[in-house]
Amino acid sequence: MAGIGVAEMKARLLAGCDAIIAAEERLTEADRAVGDGDHGLAMARGFRAGRQALEEKPAEAVGDLFRHLGMAILTTSGGASGAVFGTFFMSAAKPLAGAEATAPALAEALRAGVEAVQARGGAAPGDKTMIDAVMPAIAAAEGAGGAAEALQAAAEGAAQGAEATKAMLAKAGKARPLGDRALGHVDPGALSLSLFLAALAEPAGDG
Amino acid sequence: MAGIGVAEMKARLLAGCDAIIAAEERLTEADRAVGDGDHGLAMARGFRAGRQALEEKPAEAVGDLFRHLGMAILTTSGGASGAVFGTFFMSAAKPLAGAEATAPALAEALRAGVEAVQARGGAAPGDKTMIDAVMPAIAAAEGAGGAAEALQAAAEGAAQGAEATKAMLAKAGKARPLGDRALGHVDPGALSLSLFLAALAEPAGDG
Amino acid sequence: MKGKKIINDPERLVPEIIEGLVLAAGGSLAPVPGVNALMRTDMPDEKVGLLIGGGSGHEPMYTAFVGDGLADASVCGNIFAAPTPDIILEATKAVNRGRGVLYVYGNYAGDNMNFDIAAELAAAEGIETRTVRVMDDVAVARHEDRRGIAGAFYQVKVAGAVCREAATLAEAAAAVERARAGLRSVGVAVRAGALPETGEPTFELGDDEIEIGMGAHGEPGVERRASLPSAEELGREMTRLVAEDLPYGSGDRVALLLNNLGASTMMELLIVNRTVRAALGEAGVEVARTDLGPYLTCQEMAGFSLTLMRLDAEIERWLAAPCASPAYSQAG
Amino acid sequence: MKGKKIINDPERLVPEIIEGLVLAAGGSLAPVPGVNALMRTDMPDEKVGLLIGGGSGHEPMYTAFVGDGLADASVCGNIFAAPTPDIILEATKAVNRGRGVLYVYGNYAGDNMNFDIAAELAAAEGIETRTVRVMDDVAVARHEDRRGIAGAFYQVKVAGAVCREAATLAEAAAAVERARAGLRSVGVAVRAGALPETGEPTFELGDDEIEIGMGAHGEPGVERRASLPSAEELGREMTRLVAEDLPYGSGDRVALLLNNLGASTMMELLIVNRTVRAALGEAGVEVARTDLGPYLTCQEMAGFSLTLMRLDAEIERWLAAPCASPAYSQAG
Ligand SMILES: Nc1ncnc2c1ncn2[C@@H]1O[C@H](COP(=O)(O)OP(=O)(O)O)[C@@H](O)[C@H]1O
Ligand SMILES: Nc1ncnc2c1ncn2[C@@H]1O[C@H](COP(=O)(O)OP(=O)(O)O)[C@@H](O)[C@H]1O
Ligand SMILES: [Mg+2]
Ligand SMILES: [Mg+2]
Ligand SMILES: [Mg+2]
Ligand SMILES: [Mg+2]
């Protein structure tokens with residue numbers, strides 16, 4: 001039941017950033033359907049800055065990585081996603097104070113992140129936001145034995161959660177006034193979160 | 001060598017107005033190529049008003065008809081064409097003071113009209129304006145025996161004159177700054193004048 | 001249709017907007033060092049600060065409404081993206097003169113969260129802030145979800161006058177809230193604008209379609225129509241949507257704003273104004289002032305919005321108070 | 001692309017524009033009875049009259065620049081068509097206060113002829129008139145053929161201040177001529193606007209093409225380019241075209257106008273302003289004031305124009321003089 005150390009987590013987080021950057025157009029498309037069409041731009045901007053912070057800033061604990069990533073997103077993305085994902089990663093940092101992240105700590109981190117997002121933005125599960133991708137990720141991660149397994153489970157949970165947002169009416173963010181026209185469309189932030197977790201779940205190469 | 005009386009000239013002028021109104025799109029197209037694309041609109045507006053004036057206003061002399069037509073155009077067309085065609089018809093009225101228009105009087109009327117236009121707008125023959133359709137019309141009409149024949153000749157001259165504007169560089173009006181890009185395009189006002197004269201040359205039905 | 005914009009590096013739009021605006025302002029505005037924000041250079045020493053802002057791309061709103069009698073500073077997010085908390089915090093510090101800072105901005109999830117984070121950071125540095133969001137868009141049913149659209153002009157104008165004379169931040173916030181209570185707008189989209197970074201339209205609208213109630217970023221509205229109605233029909237419908245919402249009625253005195261969303265013509269707005277005035281007149285609503293032009297745009301989106309603000313003697317005085325800014329100036 | 005405009009009867013555009021504007025002006029403007037023209041309601045008894053106008057469809061120019069310190073009346077032709085002499089004559093009579101009337105309008109064949117006819121009719125009624133045409137467009141080589149574009153704003157502003165203080169018509173005309181001598185502009189078209197009556201674009205321009213020097217009705221310019229250059233390249237080129245024409249040079253003090261031709265964004269104009277200022281700065285030209293926005297539009301044409309007016313102390317005072325109109329107001 002090995003934990004994930006700073007070096008490996010850094011490599012995984014970098015892969016997560018790359019996944020977001022690569023998905024820029026897809027995310028923007030998703031936001032054009034239900035929002036104002038800038039989600040990919042904002043996310044790519046934020047995660048590029050996050051990538052740079054991860055590479056440049058010293059990290060002793062795994063949580064330091066999450067804090068650097070969150071702070072970079074918060075101060076460069078802008079928009080709803082900057083505040084949401086920035087808050088999410090910065091708050092997820094707290095349960096990861098050690099040099100290794102265990103499975104329970106990772107589940108705890110996701111929970112701390114989503115709770116902070118809820119406190120910040122007032123959205124609830126079912127409102128068709130990235131929260132709906134995080135919730136099933138937490139549930140899935142909680143049952144996992146090892147840290148890598150937890151990330152794997154979280155990724156699967158997030159993917160299902162993102163998919164499930166298609167059936168939801170938007171109640172938060174720029175898609176809010178869409179009403180039932182948002183039906184059938186995935187929430188852009190939920191999609192981002194699931195793509196990020198999917199990349200995080202891939203075992204890191206020799207980064 | 002019969003002259004044309006008031007009733008017949010009125011019918012011919014009405015036909016001329018109808019020809020302009022019917023050519024609205026073609027005239028606008030021509031102006032889109034070398035000017036601001038409103039010539040058809042302005043001419044149709046003016047000649048519709050001219051048509052109404054011809055039908056409603058009393059005319060004792062042939063020249064009265066031309067004066068009514070010119071005044072209506074001057075006060076409704078607007079733009080260059082309103083001033084030009086309004087001035088043209090109003091000034092053409094003077095040599096047509098009698099109840100019948102003879103061939104020499106018609107040639108004289110065309111000349112009076114074009115001289116007034118030149119004085120008003122400062123354009124010279126060869127500047128790619130309606131003047132270049134009037135000039136050959138005058139020359140052709142001057143050789144004619146009867147009034148109907150004069151109109152026929154004028155129409156032919158105007159058609160050739162309009163055609164010849166294709167080879168001219170614009171020096172007046174909104175096409176002026178076109179330089180050699182105006183080459184190959186007919187001058188809209190010259191086209192109007194030739195269409196009007198062509199309809200005028202048709203023997204009137206029992207109008 | 002793809003966008004076709006006269007720009008340089010799409011990554012540097014916002015700093016270049018700020019640079020161009022500071023130059024155009026001829027000395028009355030200066031950048032807030034290090035962040036995408038600008039402020040007046042003639043800020044008095046004792047004053048409740050007024051900070052406005054939001055995503056860029058809606059110029060002149062918010063960034064060009066900075067100056068005496070209007071905002072003290074504005075913060076500029078990226079195109080259509082709320083500004084980040086660090087920018088807001090810096091600008092807050094720059095305009096705080098010991099009496100705290102009032103935030104006025106549009107009610108969008110992103111703006112709310114980023115300004116709220118900044119407010120907490122400011123509080124941690126001992127700076128008091130208060131927030132009165134613009135939420136005038138009647139196209140959204142739930143009141144607390146209403147977006148802030150062109151009514152921002154009247155709200156910023158009132159806030160500017162209020163913050164000039166208010167003794168305390170709380171007093172200023174209460175006054176702006178009172179004025180905001182009578183502020184309602186609705187928009188209509190006729191054609192989409194394009195995101196300058198990608199050239200892509202921000203939303204899809206058929207060649208003949210229009211959407212009544214569409215938001216300033218192309219957020220969906222209340223009714224999509226298959227064809228463009230006449231100015232009279234549209235003007236009546238939009239007046240009805242706004243007037244019935246508050247409602248405005250007989251004896252009310254209002255300010256009327258017809259805002260060009262970008263590519264519509266002043267000709268169209270003037271033609272619509274006839275109908276709006278006729279409809280308001282029939283309802284007994286008296287128009288005390290009319291503003292008409294591009295106040296809050298959405299790139300080159302075609303369409304307009306209609307705003308009414310209910311007046312009383314005090315609100316009318318605030319609207320009429322002198323002000324000077326690149327976007328709007330008014331004699332005393 | 002077909003136009004998509006919020007209008008009613010295409011035959012009644014101009015009277016409806018006037019009606020909407022008179023309503024928006026809240027009592028400061030009134031129609032001239034019976035013709036498509038409007039005038040101020042607060043016209044003083046003794047004053048040189050100032051009459052402006054031209055084809056409609058360029059709003060706010062000319063029709064919305066009527067008021068104290070600007071024009072006394074404006075005459076409105078149909079869309080892009082010079083007004084007819086009868087309209088001009090009526091408006092001339094309406095604003096003549098015994099000191100004669102100055103005509104300021106764009107140098108186009110149609111306007112020249114119609115105003116000249118009106119001037120002769122006015123003379124026959126004993127009213128003296130003088131004419132100072134706007135002819136700022138450097139895209140036309142021959143000086144006397146130069147079109148009047150957005151520089152009209154500065155010329156009307158100066159004429160408004162001058163006619164407010166001049167004792168005689170001749171004095172007023174001479175002053176405006178003197179200011180006009182230092183006025184130059186150039187435009188660039190990025191996309192065509194559409195004629196409201198037909199929905200057809202006023203000119204053809206490829207999806208990627210632009211045309212530098214294009215006139216306000218789509219009259220051809222000096223250079224068509226196959227692709228859109230950067231704001232920096234375009235701003236430099238346009239500044240060069242204008243600055244080299246007068247020429248403006250080291251030590252000159254100028255007013256700078258960046259005019260939105262319709263559907264361009266303020267964002268773009270601000271970005272261009274950076275470059276214009278840099279280029280002028282390098283040439284030693286000092287910018288005393290900047291105006292930026294839609295002053296003379298061409299329906300929803302995209303593009304902008306750049307205008308410089310050389311200043312001396314007197315011209316600067318005229319530009320700075322107070323004025324109030326629906327399109328432009330300025331405190332004293
Ligand atoms: N209150 C909120 N709580 C959680 N997530 C939110 C909230 N508001 C918005 N989001 C997320 O942000 C995403 C939109 O991000 P983005 O398009 O970048 O910002 P904006 O809406 O400001 O344009 C949404 O898809 C949603 O997942
Ligand atoms: N100075 C002039 N003298 C004679 N004809 C002229 C003159 N200026 C313009 N025209 C005629 O007017 C026509 C253009 O008319 P129109 O398009 O209706 O007016 P505008 O140029 O004001 O848009 C030109 O094709 C030309 O024949
Ligand atoms: Mg978005
Ligand atoms: Mg024309
Ligand atoms: Mg956004
Ligand atoms: Mg024209």
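Just so you know, these numbers come straight off a predicted model, no measurement behind them. Letters A, B, ... mirror the listed sequences (proteins, then strands); counts begin at 1.
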**Q** If you count heavy-atom pairs under 4.5 Å between each of C:Gly54, C:Ala216, C:Pro85 and chain A, which one has the most?
**A** C:Pro85
**Q** Which distance, rounded to the nearest 0.5 Å, do you find between the CD of C:Glu120 and the CZ of A:Arg120?
**A**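 Between C:Glu120 CD and A:Arg120 CZ, I get 4.0 Å after rounding to 0.5 Å.
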**Q** Give a yes or no on whether A:Glu60 atom CD has more than 12 heavy-atom contacts from other residues, nucleotides or ligands under 6.0 Å away.
**A**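 No, CD of A:Glu60 has 12 or fewer neighbouring heavy atoms, counting only those of other groups under 6.0 Å.
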**Q** Has C:Glu223 got more than 12 heavy atoms of other residues, nucleotides or ligands less than 6.0 Å from its CD?
**A** yes
**Q** Please classify the contact between A:Thr76 and chain C as side chain, backbone, both or neither, with a heavy-atom cut-off of under 4.5 Å.
**A**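 Only the backbone of A:Thr76 comes within 4.5 Å of chain C.
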**Q** Rounded to the nearest 0.5 Å, how far apart are CD of C:Glu197 and CD of A:Glu24?
**A** 9.0 Å
**Q** More than 12 non-hydrogen atoms from neighbouring residues, nucleotides or ligands closer than 6.0 Å to CE on C:Met39, yes or no?
**A** yes
**Q** Rounded to the nearest 0.5 Å, how far does OG1 of C:Thr84 lie from CD1 of A:Ile73?
**A**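 Between atom CD1 of A:Ile73 and atom OG1 of C:Thr84 there are 12.5 Å.
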**Q** Please indicate whether A:Arg26 has more than 12 foreign heavy atoms, meaning atoms of other residues, nucleotides or ligands, lying under 6.0 Å from its CZ.
**A**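 No, because the 6.0 Å sphere around CZ of A:Arg26 holds 12 heavy atoms or fewer from other groups.
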**Q** What side chain to side chain donor-acceptor pair (under 3.5 Å) pairs are there with at least one residue in residues 153-168 of chain A, not counting sequence neighbours?
**A**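 Listed once each, the pairs are A:Glu163-A:Lys166.
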**Q** Crowded around A:Lys94 NZ? As in, over 12 foreign heavy atoms under 6.0 Å?
**A** no
**Q** Between chain C and each of A:Ala42, A:Ala83, A:Gly122, count heavy-atom pairs under 4.5 Å; write down the option with the most.
**A**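 Counting heavy-atom pairs under 4.5 Å, the top option is A:Ala83.
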**Q** Give, as side chain, backbone, both or neither, the part of C:Ile79 having an atom under 4.5 angstrom from any heavy atom of chain A.
**A** backbone
**Q** Of all the heavy-atom pairs spanning C:Ala81 and A:Ser77, show the shortest one and how long it is.
**A**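 Closest approach of C:Ala81 to A:Ser77: CB-O, 4.4 Å.
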**Q** Any side-chain heavy atom of C:Leu195 within less than 4.5 Å of one from A:Leu41?
**A**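 C:Leu195 reaches A:Leu41 side chain to side chain.
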**Q** Does C:Glu219 offer a backbone N or O that forms a donor-acceptor pair with the side chain of A:Asp36 under 3.5 Å?
**A**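 Here the side-chain-to-backbone pair does not exist.
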**Q** Got a salt bridge between A:Arg32 and C:Glu204, using NZ or NE/NH1/NH2 to carboxylate O under 4.0 Å?
**A** yes
**Q** For a quick test of reading the model, state the closest non-hydrogen atom pair linking C:Met113 to A:Gly121 and the distance between them.
**A** SD-CA, 3.7 Å
**Q** Side chains of C:Ile117 and A:Leu74: does their closest heavy-atom pair fall under 4.5 Å?
**A**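 C:Ile117 reaches A:Leu74 side chain to side chain.
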